[in-house]
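What follows is a short report on a single structure.
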Amino acid sequence: MRIAVTGATGFVGTRLVPLLSASGAQLLLVGRDRSRLMQLFPGLPACCYDQLAEEARDFDLLIHLAVANTDSDLPEAEIRDVNVGLLLKTAQAAKLAGVSCFLNVSSVHALAPNNRSAYARTKREAAQRLMEIEGMSVRTLYLPVVYGNGWSGKLTFLGHLPSWLSRLLFRALASVYPTVHVSQLAAFILDYCKNENRPEIVLSDGQENNIVYRFVSRAVDLIFAISVAVFFWWGLALIWATIRLQSPGPGIFAQDRIGKNGCTFTCYKFRTMRQDTPQDVTNRIPADAVTTIGRLLRRTKLDELPQIWNIFQNEMSLVGPRPCLPIQAELIEARRQHGVLRLKPGISGFAQINGVDMSQPETLAHWDARYLALQSLSLDMCIIAATAIGRGSGDRTERNAHHLS
């Protein structure tokens, strides 16, 4: 595999290039200072940007790492020149050279629309402008904190601690903020052209193997469920009684849903619709099927509170992808392809607080996949807080879904 790399002298580049070289990839390093590249990576070919179109002729991939970083003290105009101008110039040169794939590497900071830093704004603009280029496969890869086998940068202090303690502290830090090991990045790049067809990719280690995240997340789930059961039992009873008095049928609604690893479980909710409502996807159910109390419960998300039983059963979590029905084959398959089914479903989710519901299966799976990659205690707390203040909405009924489409 023939790979051109820009920005190889940066933190990520100096750790990534040796791994790609050791794998047998044929590399070309591109930068402003060719002599520095040759000094850092003796034996590897290097060129300047104005030689890229000729030197990278018919390469398989160009990885664009060159960036004016988040901690840069450059004026905004210069940051934009690097993050937007240099990116577009490099992409056009790669297209002229006949490079098959162009991979723009960015940071997850750029995914947050409320991040108004010069770095985030210019990286968002760059990704948008890059998609306008035709005749070459172009994608943007978003990375969280990148680390290697040794502790460096802000993590240098971990190197002075006993190995067991440094590993534990790192897992604690990684539970709060997502991370990715440079070896995973290298493996992703080596399989990139044949395996990825999404314009946006978020890569991380995930939290599946992080014992600190799993422990804290489960503890928060249980504290919430126990608190609701002990201190709000009277509210649950009042809601149940109101539902029973307002319309015929049970107060609690039980329905099969798809959970972790695609397994079916029984999900519990307060009933918000008439008893004779057919079991179907919510966006296909008429809005007048929702009862008066049901509209209030759905708007305030109080209809989800019986799911504390699912939390006790370890079938659900406070935060995660919303569980879908077994008949939602398109959504289930999209989630399977994105790896989302590895997660426990949640009472609230990243997609829901961003206004995406199950009437948009592919978009929903995309947001679920983004949550899978960015999963962390800090993000979970943000989702919980956003849900508590009423951000987002539940699944829309037919009339509401059509009104918003």
Side-chain angles (χ1 to χ4, degrees), residues 4-17 29-37 40 46-53 62-96 99 102-134 136 138-147 152-156 176-180 182 185 199-204 350 354 370 373-374 376 378-379 382 386:
V5 183
T6 70
T9 59
F11 178 86
V12 176
T14 53
R15 287 151 181 80
L16 177 63
V17 166
L29 308 182
V30 186
R32 288 192 172 98
D33 189 342
R34 180 173 178 268
S35 60
R36 187 183 176 202
L37 286 169
L40 279 174
C47 72
C48 296
Y49 283 101
D50 56 5
Q51 301 170 304
L52 174 61
L62 188 145
I63 307 166
H64 187 68
L65 294 171
V67 65
N69 261 320
T70 52
D71 55 357
S72 173
D73 56 0
L74 294 172
E76 183 169 339
E78 292 185 33
I79 293 176
R80 190 177 183 279
D81 283 343
V82 174
N83 291 351
V84 181
L86 180 61
L87 167 77
L88 296 177
K89 178 183 175 182
T90 305
Q92 291 293 352
K95 178 182 175 181
L96 186 62
V99 174
F102 187 96
L103 183 62
N104 170 40
V105 178
S106 185
S107 164
V108 295
H109 295 297
L111 288 173
N114 59 346
N115 187 329
R116 303 300 299 165
S117 67
Y119 169 84
R121 284 187 284 108
T122 56
K123 292 299 279 185
R124 282 195 291 269
E125 179 187 352
Q128 205 168 28
R129 296 277 299 277
L130 186 64
M131 294 306 298
E132 298 170 2
I133 295 178
E134 299 178 349
M136 178 175 61
V138 293
R139 291 154 202 162
T140 296
L141 172 66
Y142 295 91
L143 298 178
V145 176
V146 180
Y147 67 102
S152 56
K154 295 179 180 179
L155 299 177
T156 302
V176 179
Y177 300 103
T179 59
V180 64
V182 70
L185 174 59
E200 172 197 301
I201 309 136
V202 185
L203 187 68
S204 77
F350 194 36
N354 283 283
R370 183 183 286 190
L374 298 177
S376 61
S378 58
L379 178 59
C382 289

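These figures come from a predicted structure and were not determined experimentally. Just so you know, residue 1 is the first one in the sequence shown, and it goes up from there.
Inter-residue side-chain proximity for Leu86 and Asp81 is flagged as unmet; no heavy-atom pair is nearer than 4.5 Å. Counting heavy atoms from C-beta outward, Leu62 and Leu52 have side chains that approach closer than 4.5 Å.
Heavy-atom minimum distance, Ala91 versus Met136: O-CE, 3.4 Å. Minimum heavy-atom separation, Ala68 to Val82: N-CG1, 3.5 Å. Between Val176 and Ser378, the closest heavy-atom pair is O-OG, 2.5 Å. Closest non-hydrogen pair, Arg116 versus Arg121, comes out as O-NE, 2.8 Å. The minimum heavy-atom distance between Tyr49 and Gly7, with the atom names listed, is OH-N, 4.2 Å. Contact record, Ser107 with Tyr142: O-CD2, 3.3 Å, taken as the closest heavy-atom pair.
Of the inter-residue distances, the one linking His109 atom NE2 with Leu143 atom CG reads 11.0 Å to the nearest 0.5 angstrom. Within the model, atoms SG of Cys382 and CZ of Phe350 stand 9.0 Å from one another, a figure rounded to the nearest 0.5 Å.
One N or O on the side chain of Ser204 and one on the backbone of Ala373 form a donor-acceptor pair closer than 3.5 Å. With hydrogens and angles ignored, the 3.5 Å screen pairs a side-chain donor or acceptor of Lys95 with a backbone N or O of Glu134. A distance-only check finds no donor-acceptor pair linking the side chain of Glu78 to the backbone of Pro75 [under 3.5 Å]. In this structure, Arg139 contributes its side chain and Leu103 its backbone to no donor-acceptor pair below 3.5 Å. Arg34 contributes no side-chain N or O that, together with a main-chain N or O of Leu29, makes up a donor-acceptor pair within less than 3.5 Å. Put simply, the side chain of Asn83 never gets that close to the backbone of Lys123: no donor and acceptor are under 3.5 Å apart.
Residue pairs meeting the side chain to side chain donor-acceptor pair (under 3.5 Å) criterion with at least one partner in residues 4-14, sequence neighbours excluded, are Thr6-His64.
When each of Leu185, Ile63, Asn104 is paired with Leu141, the side-chain contact (heavy atoms from CB on, under 4.5 Å) condition holds for Leu185 and for no other.
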Self-check item: Test log, rule side-chain contact (heavy atoms from CB on, under 4.5 Å), inputs Phe102 and Leu130
Solution: CA-CA 10 Å; Phe102 187 96; Leu130 186 64; 4.0 Å; yes
For a side-chain contact (heavy atoms from CB on, under 4.5 Å) check, start with the C-alpha distance between Leu40 and Val17, then their side-chain angles and the critical distance, and finish with the verdict. CA-CA 10 Å; Leu40 279 174; Val17 166; over 6 Å; no
| Test side-chain contact (heavy atoms from CB on, under 4.5 Å) applied to Arg370 and Glu200, step by step | CA-CA 10 Å; Arg370 183 183 286 190; Glu200 172 197 301; 2.8 Å; yes
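Residue-environment remark: CD (Gln128) stays at or below the threshold of 12 foreign heavy atoms within 6.0 Å. The number of heavy-atom neighbours closer than 6.0 Å to CZ of Arg80, taken from other residues, nucleotides and ligands shown, is 12 or below.
Not counting sequence neighbours, the partners of Ala126 by the side-chain contact (heavy atoms from CB on, under 4.5 Å) test are Val84, Leu87.
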